[in-house]
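Pasting a structure here, questions to come.
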Amino acid sequence: MTKKLSSVFDKGYYCYYDYILDYYFGFFSPAFVTVQAFTGTYGINYGRIANNLPSPDEVVTLLKAAKIRNVRIYDADQSVLKEFSGTGLEIVVGLPNGNLRDVSADGDHAMNWVQDNVLAYLPDTCIRGIAIGNEVLGGSDQFSGFLLGAVKNVYDAVNKLKLSDVVQITTAHSQAVFANSFPPSSCVFQDNVVQYMKPLLEFFSQIGSPFCLNAYPFLAYMYDPEHIDINYALFLPTEGANDPKTKLHYDNLLDAQIDAAYAALEDAGFKKMEVIVTETGWASHGDENESAATVNNARTYNYNLRKRLAKMKGTPLRPKNVVRAYVFALFNENLKPGPTSERNFGLFKPDGSISYDIGFPGLKSSSADSLLLSLKDNRGCGWCGCYTIILTMATAFLLVFSR
């Protein structure tokens, strides 16, 4: 611990500060502490079902160049967690669905998983959350009965390790958990989901976790293009839609999907629970029957989504709850099963170049860009570190102009 403390104050990252405060002063905290796993409003999902993606260290360079700080992965891959060490990037790791049965049945198994996949990397790697499974409810009931037990056991492990005000516990849901979604005020949970959802929400309410929603206007439009205006799905000018019960007006489909989740939560008795969008995006290529999956539509959706999130405002039903969202996804993933669209949600291609322009740079390889990026990365360094970088840049320029 002495060595770890030295590392903490040498590097000066606030993740270390949070970790140390929690480790030494956790016994002063109340039983349940609300922890925020999301900084700002914009994040991204780093899926890796592919065999041609950039290495994790290149991904770090890409994310920092794009100034994307919040990242979700769907497992706890060692190579990713090691490369994220000391970067300041905030990551949510995932406990895969296939692990739910064992973790639910055995608290020791949960403790071992947390120790091996979270504690082992803290505080150097800024792990801010654990997502327990993904879209477990609303489909087959293969893992539904194990979700709550896994959530509680992982939380107990995190709490015993004094990490409960550093690492947030969540699980993400698809819209399949809802019986209705339009108008938003009519939304309720599916009857076959309620038996699992209600106790889960009760526990999340106790520990201060949000409701995580995977919301795709792309999928909604593909399902019902005759009744949904594509401009409404793409944040473009449109007549929008009105909710006859609340008298609220919606000028885009994502806001309506989020408010539908808020309505379902209120109906279930959890009016104060926040909704976080853990996945949203638009495919840039698809099969013949996926005509909306085009580069132009994907660019339009993701560019306008970025502008929407930058406004830091809420929805018509919850104007004070700032919308936060993780975009799906960082890369196109060539090994994902299903229709062609599933393999084409990436903002970036596997070589690190942009899939389309929404204002993010791709991977850069020139020496000048590398030096500038290094200077940006070391803004928090001491005089010696910055002096070394400046001297290196000056030497490089002298070599160029002395030829």
Side-chain angles (χ1 to χ4, degrees), residues 37-38 40-50 53-54 59 62-63 66 68-75 77 80 89-94 96-97 129 131 133-136 138-139 170-177 210-223 233-235 252-255 257-258 261 275-286 290 292-295 297-309 323-350 354-356 358 360:
F38 203 124
T41 60
Y42 194 95
I44 202 157
N45 287 278
Y46 174 19
R48 302 186 323 282
I49 305 178
L53 298 183
V59 172
L62 186 65
L63 290 169
I68 299 175
R69 183 172 186 169
N70 304 289
V71 184
R72 294 178 81 243
I73 60 176
Y74 294 89
D75 53 20
D77 185 81
V80 173
L89 298 172
E90 301 184 10
I91 188 167
V92 174
V93 300
N97 290 359
N134 186 52
E135 298 188 346
V136 176
T170 59
T171 189
H173 304 285
S174 75
Q175 290 186 291
V177 299
F211 181 86
C212 293
L213 175 67
N214 295 344
Y216 286 91
F218 167 74
L219 296 179
Y221 174 78
M222 290 288 292
Y223 179 75
L234 293 171
F235 301 97
N252 71 82
L253 182 51
L254 181 64
D255 278 5
Q257 291 177 328
I258 296 171
V275 174
I276 299 287
V277 177
T278 36
E279 287 184 19
T280 189
W282 198 287
S284 60
H285 183 59
E290 297 179 303
T294 67
V295 169
N297 285 344
R299 180 195 300 115
T300 300
Y301 181 80
N302 281 296
Y303 178 75
N304 287 335
L305 172 67
R306 192 179 175 197
K307 289 200 304 182
R308 163 69 178 88
L309 296 174
V323 174
R324 308 172 193 272
Y326 290 90
V327 174
F328 188 87
L330 187 57
F331 297 110
N332 289 333
E333 299 172 72
N334 68 336
L335 297 182
K336 290 198 73 174
T340 298
S341 60
E342 285 291 326
R343 295 178 287 282
N344 289 278
F345 274 88
L347 299 185
F348 297 90
K349 298 176 182 178
I354 58 174
S355 297
Y356 39 81
I358 62 168
F360 291 139

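Here the structure is a predicted model, which means the values were calculated and not measured.
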Q: Using the test side chain to side chain donor-acceptor pair (under 3.5 Å), find all partners of S341 that sit at least two apart in sequence or belong to another chain.
A: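 Counting only residues at least two positions away or on another chain, S341 forms a side chain to side chain donor-acceptor pair (under 3.5 Å) with E290.
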
Q. For N344, which residues count as a side chain to side chain donor-acceptor pair (under 3.5 Å) partner, sequence neighbours excluded?
A.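 In terms of side chain to side chain donor-acceptor pair (under 3.5 Å), with neighbours along the sequence ignored, N344 is linked to no residue.
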
Q.
If the condition is ring-ring contact (aromatic ring centres under 6.0 Å, His included), which residues does Y326 pass it with, not counting sequence neighbours?
A.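 Here the qualifying residues are F38.
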
Q | Heavy-atom closest contact (A298 atom, A283 atom, distance) | A |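 Taking A298 first and A283 second, the nearest heavy atoms are CB-O, 3.8 Å.
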
Q | Residue list, side chain to side chain donor-acceptor pair (under 3.5 Å) with N334, at least two apart or on another chain | A |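 N334 satisfies side chain to side chain donor-acceptor pair (under 3.5 Å) with N51 once adjacent residues are dropped.
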
Q: Say whether, by atom type as modelled, one donor and one acceptor occur between the side chain of R306 and the main chain of I358 under 3.5 angstrom.
A: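 Present.
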
Q.
A side-chain contact here means heavy atoms from C-beta on lying under 4.5 Å apart; do N45 and T278 qualify?
A.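 A side-chain contact is absent here, since even the closest heavy-atom pair is not under 4.5 Å.
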
(Q) Which residues pass the ring-ring contact (aromatic ring centres under 6.0 Å, His included) test with F360, not counting sequence neighbours? (A)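 Per chain and number, F360 pairs via ring-ring contact (aromatic ring centres under 6.0 Å, His included) with Y42.
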
Q: Mind checking salt bridge (charged side-chain N to carboxylate O under 4.0 Å, His left out) for K336 and listing every partner two or more places apart, or none if nothing turns up?
A: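 In terms of salt bridge (charged side-chain N to carboxylate O under 4.0 Å, His left out), with neighbours along the sequence ignored, K336 is linked to E342.
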
Q | Contacts of type side chain to side chain donor-acceptor pair (under 3.5 Å), residue T171, not counting sequence neighbours | A |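 By the side chain to side chain donor-acceptor pair (under 3.5 Å) rule, T171 matches no residue at all.
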
Q) Listed by chain and number, what are the side-chain contact (heavy atoms from CB on, under 4.5 Å) partners of T300, not counting sequence neighbours? A)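 L234, L236, N296, N304.
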
**Q.** Partner set under side-chain contact (heavy atoms from CB on, under 4.5 Å) for A261, not counting sequence neighbours
**A.**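 Listed in chain order: F178, F211, L213, V275.
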
Q. Got a sec: does the OH of Y303 have more than 12 other heavy atoms crowding it under 6.0 Å?
A.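 At most 12 heavy atoms, drawn from other residues, nucleotides or ligands, come within 6.0 Å of this atom.
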
Q. Just wondering, do T294 and H285 contact through their side chains at under 4.5 Å, heavy atoms?
A.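 Not in contact.
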
Q.
Could you report the tightest heavy-atom contact between Y46 and P54, atom names first, then the distance?
A.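 Looks like OH-O, 4.5 Å.
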
Q: Indicate the atoms forming the closest heavy-atom contact of G133 with V136, along with that distance.
A: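 For G133 versus V136, the nearest heavy atoms are CA-CG2, 4.1 Å.
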
Q) Run the side-chain contact (heavy atoms from CB on, under 4.5 Å) check on L305 and V327 step by step: do they pass? A) CA-CA 9 Å; L305 172 67; V327 174; 3.7 Å; yes

(Q) Side chains of R72 and I91, heavy atoms from C-beta outward: is any pair under 4.5 Å? (A)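 A side-chain contact under 4.5 Å is absent here.
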
Q. Who are the ring-ring contact (aromatic ring centres under 6.0 Å, His included) partners of F235, not counting sequence neighbours?
A.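 Here the qualifying residues are Y301.
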
(Q) Testing the basics here: between T41 and L309, what is the closest heavy-atom pair and its distance to 0.1 Å? (A)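 Minimum heavy-atom separation between T41 and L309: OG1-O, 3.0 Å.
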
Q. Under a 4.5 Å cut-off applied to non-hydrogen side-chain atoms, are V277 and I258 in contact?
A.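 Yes, their side chains come closer than 4.5 Å.
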
Q) What distance do L89 atom CG and L63 atom CG have between them, rounded to the nearest 0.5 Å? A)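 The distance works out to 5.5 Å.
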
Q. Would you call I44 and L347 a side-chain contact if the rule is heavy atoms closer than 4.5 Å?
A.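 In short, these two side chains touch, coming nearer than 4.5 Å.
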
Q. Are any non-hydrogen side-chain atoms of Y356 and S284 less than 4.5 angstrom apart?
A.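 The answer is yes; the side chains approach within 4.5 Å.
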
Q: Answer yes or no: is there a donor N or O on one side and an acceptor on the other, between the side chain of N297 and the main chain of A293, under 3.5 Å?
A: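 Not at all, since once roles are kept as given, no pair shorter than 3.5 Å links the two residues.
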
What donor-acceptor contacts under 3.5 angstrom involve side-chain atoms of residues 215-222, with partners at least two apart or in another chain?
residue	atom	partner	partner atom	Å
Y216	OH	E279	OE1	2.6

Q: Please name the pair of heavy atoms, one in G138 and one in A176, separated by the smallest distance, quoted to 0.1 Å.
A: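 In terms of heavy atoms, the two residues are closest at O-CB, 3.7 Å.
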
**Q.** E333 side-chain N/O to R343 backbone N/O, donor-acceptor pair under 3.5 Å
**A.**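 Answer holds: no.
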
Q. Heavy atoms, side chains only, cut-off 4.5 Å: are S355 and N332 in contact?
A.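 Yes, close enough: below the 4.5 Å cut-off.
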
**Q.** Intermediate values then yes/no, side-chain contact (heavy atoms from CB on, under 4.5 Å), K349 and I354
**A.** CA-CA 6 Å; K349 298 176 182 178; I354 58 174; over 6 Å; no

Q | Residues in salt bridge (charged side-chain N to carboxylate O under 4.0 Å, His left out) contact with R308, at least two apart in sequence or another chain | A |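 Result, salt bridge (charged side-chain N to carboxylate O under 4.0 Å, His left out) vs R308: D255.
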
(Q) In the structure I gave you, are the side-chain heavy atoms of Q175 and N214 within less than 4.5 Å of one another anywhere? (A)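 No - every pair of side-chain heavy atoms lies 4.5 Å or more apart.
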
